[in-house]
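In what follows, every heavy atom counts, from backbone to side chain, and hydrogens, waters and symmetry copies are set aside. Each chain gets a letter, A, B and so on, in the order its sequence line appears, and its residues count up from 1.
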There are 2 protein chains.
Amino acid sequence: MAGDMTTFKGKPFDRPSLESLMKRRLFYTPAFDIYGGVSGLYDYGPPGCALTNNIVDVWRKHFVLKENMLEVDCTMLTPHEVLKTSGHVDKFADWMCKDPKTGEIFRADHLVEEVLEARLKGNKEARGQKVDVEEEDPKKKKKKVKNIAAVKLDDALVQEMEEVLAKIDNYNGEELGHLMNKYDIKNPATNGHLLPPVAFNLMFQTSIGPSSNMPGYLRPETAQGQFVNFQKLLEFNQQQMPFASASIGKSFRNEISPRSGLLRVREFLMAEIEHFVDPEGGKKHPRFDEVKDVELELLNRDVQLSGKTTVETTKIGKAVETGLVDNETLGYFLARIQQFLLKIGVDGKKIRFRQHMANEMAHYATDCWDAELLTSYGWIECVGCADRSAYDLTVHMKKTGAPLVVREPRKEPLKVEEWQCDLDKKRFGPKFKKDGKTVEAAIESLSQGLREKLSLDLEKEGKIVIDVPGVGDGKVEVPKELISIEKRTRVENVREYTPNVIEPSFGIGRIVYALCEHSYWTREQDEARGILSFPPTVAPTKVLIVPLSSHADFKPFVRTLSDKLQEGGISTRVDDSGASIGKRYSRNDELGTPLGITIDFQSVKDNSFTLRDRDSTEQVRAGLDEIINAISSLVNGREKWSDVAARLPKFEGQEVD
Amino acid sequence: MAGDMTTFKGKPFDRPSLESLMKRRLFYTPAFDIYGGVSGLYDYGPPGCALTNNIVDVWRKHFVLKENMLEVDCTMLTPHEVLKTSGHVDKFADWMCKDPKTGEIFRADHLVEEVLEARLKGNKEARGQKVDVEEEDPKKKKKKVKNIAAVKLDDALVQEMEEVLAKIDNYNGEELGHLMNKYDIKNPATNGHLLPPVAFNLMFQTSIGPSSNMPGYLRPETAQGQFVNFQKLLEFNQQQMPFASASIGKSFRNEISPRSGLLRVREFLMAEIEHFVDPEGGKKHPRFDEVKDVELELLNRDVQLSGKTTVETTKIGKAVETGLVDNETLGYFLARIQQFLLKIGVDGKKIRFRQHMANEMAHYATDCWDAELLTSYGWIECVGCADRSAYDLTVHMKKTGAPLVVREPRKEPLKVEEWQCDLDKKRFGPKFKKDGKTVEAAIESLSQGLREKLSLDLEKEGKIVIDVPGVGDGKVEVPKELISIEKRTRVENVREYTPNVIEPSFGIGRIVYALCEHSYWTREQDEARGILSFPPTVAPTKVLIVPLSSHADFKPFVRTLSDKLQEGGISTRVDDSGASIGKRYSRNDELGTPLGITIDFQSVKDNSFTLRDRDSTEQVRAGLDEIINAISSLVNGREKWSDVAARLPKFEGQEVD
């Protein structure tokens, strides 16, 4: 797949050039570089930071503002108990194995995968077969296994190893340990023996307060803060359902061995929506009609299980109708996610939606579709859209007793026929003494079926015997003087339910990186200089101001233009260095600056300026106000360059290189 | 001072009412409330989050955009070595003492302060003197010392204790221990003995990576990430000085016992600017002229040392001229800070700038002015503006060897007469073997004075003896065959210097809280309902849309208005509940929503609407486009309500309560 990766101009994409540009122009840089850096930590420099902020801004308008979502900002520090309840303390882990001699630590699944792949490649070479340029996987960029001898393997072994690789995401620690023994997998560098895999929790641990008796973690997702506030959010929303909360902020995962630059890091920006919906009535969405004709590339679970990756172009309305996508709410968000990605400039031909297979879903999910973007690392998960069902609200409610439920009046009262137990409380206490409450609770929790059966016992034997763990020998006798069991009709006027949660979760750093790959190209005449064709809305700087020279005559014009544009919230950068105009423009093409204004001697005479378009390098010339208006229209997305070029006089002066 | 606190309408300010409103309407809430909460951690709900985002947005335009600052986003996770170098590992600590029986932990300075204050109060009561309602200090909200018997104290002791209190911020751990012994200070609840104070570092510690051999911390400020990237930022800025970097993000302090709601918390949003300036030439600022007439309320160091708090209203130009404020750059930022605070709606009469006294400054600062805002907790530091001199760049450069300096061509070459040491490197190696490099480095670092003296030794004795710690007995003899020392003239064409840093540092959470206090009031006729008069630019929601009822006829108008306003990036909220119009408006006055649109039967007929102003409750009536335009002007700050009220027809219909 990586072989297919081309720029949007159809030329082969060259990752090293882009990465060099991004580091050189400070889109990002390894954090604490002067201290040798820390793997998996990156800082965003001015263009990367501005690009990210602009994308977040579009996100907020596209989702939060448009749908009146309740944006919250919850703490990253999270006490142990909350993440114990959510399942993260027990399940949010990878398997690692240690070389006891060197102290090196390997992520077990990655190591097995790399070694087997290397051996399969060696086998092909030994057989004189063509070795494919494999699809590069982001998990494997810095390969530990560099070279391996060309050794021919048995056909049966080859098949077996290929099957292991196809299921590599499914093995638990014990199974990975077996595979390592079976295939004699050791430290690739030293051939040293490795200890069996042990679970490594991916959360950063710390201690809150001075007495170190409150262990805590840095959150691995923003979601939990939203769940624990559900009750208050519902109240804020005047008890109206459905509604969504949203949160934008950093989360943390202590990756065992981070790789692939910005794609797998230890600290990252997430934007998450938790849409709370009634599980009854098919999870309809009130605005689904607005998106039903949006076409998506869908790669469903069954196709993948059959070993293929064929996508189907489907209108989301159709996909929900046929049940391929489970419900309207999930479908609505898939469509809205695609609209967002297109709005910020992601290449529409490099988006697909892949359904998770049952065994790869997170512990809380019941269904999940990923928006994947095609990059030179392969198809990368950039947005997850999971149905977390009632999992989180249920576990937090069970743990804390807080009513994380919706209560709504029923239009028709509900009549329920049920077996009810009545206790004679006055006599109950004296008989069971300190165990009274426990026995009472055990009776409360009896199922309807059991109650029916016990009512017969009571009639026949004059007593019932029930299980009450922890009291006496675990069996307790209750005589009929203390209890009666009757079938009655109960009328419910209020319906109480735990909402389900549909969660679109955006990895902003991954989207930023994929967008950079999708926006990168070079001009025919100047292959050495890259161009990043970001849409003006998200471009880090909107306008480059270029006075012909640093001559004092030009300075007031620079100031006027900067001030006017900044008043309109439009970011500018001035380059009055001695370099040629052409060079100054091409330096800013690298930063993705979509527009440039030249101030020349003519400007001093008549207050007119040239405006240049980054992508076409076309220029127009007009007076101050017309230029400012054109820029404002372009940046706010009201006009395209072709519109501006059509209505303002073309300027044919040469860019002097 | 707290007694002076009134609303901007001149009525006494009632903190409990505001706090109740803010929690009830979900501006903020204790984090993990359903789990019992964690002290010092708060979540921001929808209005608090939107208010904060809007303030950050204004900040970015006011500082970053306006002055082309280089905004960066650096990681919160920070390795030990970086914070060891910056001094935080050793010095960023408070003193705590523990009750060995109960395990309780007290912050030593707070405890001494509270106990002595309580005793002084008891003394006054015993003498029958009037007890002042003391200025409440944010450090002391939840007093551990609640009541104390009225005991008369000796005059000398009273004076001594008052002197201790005046200097309470200056004591180190040992001194605090002495005070606790001297005044017999114990656990106020149990009267139990306390252990002597020990330093407690305020950084949250964690471990990066799986092998737990890389200790790290959550950053206590955003500044260090900017300093370690200085070299790259200077390069990005095309080597031009001065320039500023900026960063907006969360920082963390593991407070011993957090108090005072949003004012002293463990996780908080900061916005920090690091302005890098040449230390020579008086730290001029190119745009100082634009602010020189801005008047500030200044409380200088000398006035405070004399025990007073008298502020002086001074034009910043004058303050810099007289040396009260050290230099133009510092002065420029003080003025710009005030302009920012006014822009977001802080009450101008509740701002002052207080200069730090020498002994209260952070370990890195050489001068510091705080912008303090008057709240019901007293004057609160909300923005610090410190001159960190060359401290940080110097220590990081020394530790890593990275050239965190500016190099610029000299206009006139500089001629330096100096003593130079020349070594015979060929014979140097064989003589000193493995110690060669160390001896060489020791010679390199000899001062000019010492070189002059040694040149005489060399002439007289034929050898020199220098100190080289770690080699032999620490003294090394170098014979004249290996070294010569001569006075020569060196010509420097390049000037190299370490920039100084002026750092305006904003505690956004504190500003948000102070702004809420400054914006809060109640109407004469309805004291129970609060109003938050935020300027439209920062108000969480701009427009409330109120259809007369939930009748279907009104729905298309609700949708049209919402869509039109959202297209312009203006946030709306619809209230179609059954409550009266008046009640719905007053519910949104609590949220600070500045504008309201009513849709009534007339709207259905002629597409006209009423627009209501939160503060005056005045209403105007006009057609759709005029209403939308008026709102846009008000939200973008182009018009005030009085302008709109003057040009659109007044609407006199009653708000029905």
> What's the shortest heavy-atom distance between P30(A) and K232(B), and which atoms?
Replying inline: CD-NZ, 4.3 Å
> Quick one: CG on L65(A) to CD1 on I570(B), what's the gap to the nearest 0.5 Å?
Replying inline: 9.5 Å
> Got a second to check how far Y44(A)'s OH is from N229(B)'s CG, nearest 0.5 Å?
Replying inline: 13.5 Å
>> Is K399(B) close to chain A through its backbone or its side chain, or both, or neither, when contacts mean heavy atoms under 4.5 Å?
In response: side chain
> Heavy-atom distance under 4.5 Å to chain B: side chain of R587(A), backbone, both or neither?
Replying inline: side chain
> Side chain, backbone, both or neither: which part of E71(B) has an atom under 4.5 Å from a heavy atom of chain A?
Replying inline: both
> In terms of heavy-atom proximity below 4.5 Å to chain A, should D563(B) be classed as side chain, backbone, both, or neither?
Replying inline: side chain
> Relative to chain A, which of V574(B), N636(B), T85(B) shows the most heavy atom pairs under 4.5 Å?
Replying inline: T85(B)
> What part of F236(B) lies closer than 4.5 angstrom to a heavy atom of chain A: side chain, backbone, both or neither?
Replying inline: both
> What residue in K61(B), R24(B), Q238(B), K98(B) has the most heavy-atom pairs under 4.5 Å with chain A?
Replying inline: Q238(B)
> What residue in A50(A), P79(A), G40(A), S571(A) has the most heavy-atom pairs under 4.5 Å with chain B?
Replying inline: P79(A)
> What option among T52(A), L202(A), N254(A), L233(A) has the most heavy-atom pairs under 4.5 Å with chain B?
Replying inline: N254(A)
> So what's closer than 4.5 Å to chain B heavy atoms on I248(A): side chain, backbone, both or neither?
Replying inline: neither
>> Taking E267(B) first and then R219(A), would you say they form a salt bridge - that is, a charged N and a carboxylate O separated by under 4.0 Å?
In response: no
> Where is the tightest heavy-atom contact between F204(B) and T206(A), given as atom of each residue plus distance?
Replying inline: CB-OG1, 3.7 Å
>> Let's test your reading of the structure: which of A402(B), G36(B), P46(B) forms the most heavy-atom pairs below 4.5 Å with chain A?
In response: P46(B)
>> I'd like to verify something: which residue of D575(B), L41(B), D57(B) has the highest number of heavy-atom pairs under 4.5 Å with chain A?
In response: L41(B)
>> Show the nearest heavy-atom pair for residues G209(A) and R266(B), with the distance to one decimal.
In response: CA-NH2, 3.4 Å
> Which atom names give the shortest non-hydrogen contact between T75(A) and Y42(B), and what distance separates them?
Replying inline: CG2-O, 3.3 Å
> Between OG of S577(A) and CD of Q239(B), what distance do you get to the nearest 0.5 Å?
Replying inline: 12.5 Å
>> With a 4.5 angstrom heavy-atom cut-off, is it the side chain or the backbone of A31(B) that approaches chain A, or both, or neither?
In response: side chain
> Closest heavy-atom contact between F200(B) and P210(A)?
Replying inline: CZ-CA, 3.4 Å
>> As an exercise: rank R25(A), Q224(A), R60(A) by heavy-atom pairs under 4.5 Å with chain B and give me the winner.
In response: R60(A)
> Is it the backbone or the side chain of M69(A) that comes under 4.5 Å from a heavy atom of chain B, or both, or neither?
Replying inline: neither
> Can you say whether T541(B) sits under 4.5 Å from chain A via the side chain, the backbone, both, or neither, judging by heavy atoms?
Replying inline: neither
>> With a 4.5 angstrom heavy-atom cut-off, is it the side chain or the backbone of M76(B) that approaches chain A, or both, or neither?
In response: both
> Closest approach of G45(B) and V72(A), non-hydrogen atoms and distance?
Replying inline: CA-CG1, 4.1 Å
> Which atoms of R559(B) come close to chain A, meaning under 4.5 Å heavy atom to heavy atom: side chain ones, backbone ones, both, or neither?
Replying inline: side chain
>> Please rank L26(B), N68(B), L77(B) by heavy-atom pairs under 4.5 Å with chain A and give me the top one.
In response: L77(B)
> Which bit of T78(B) is near chain A, if near means a heavy-atom gap under 4.5 Å: side chain, backbone, both or neither?
Replying inline: both
> Any ion pair linking D73(A) and K250(B) (charged N to carboxylate O, less than 4.0 Å)?
Replying inline: yes
>> Counting heavy-atom pairs under 4.5 Å with chain A, which one of I256(B), V82(B), L70(B) comes out on top?
In response: V82(B)
> What distance do K66(B) atom NZ and S562(A) atom OG have between them, rounded to the nearest 0.5 Å?
Replying inline: 10.0 Å
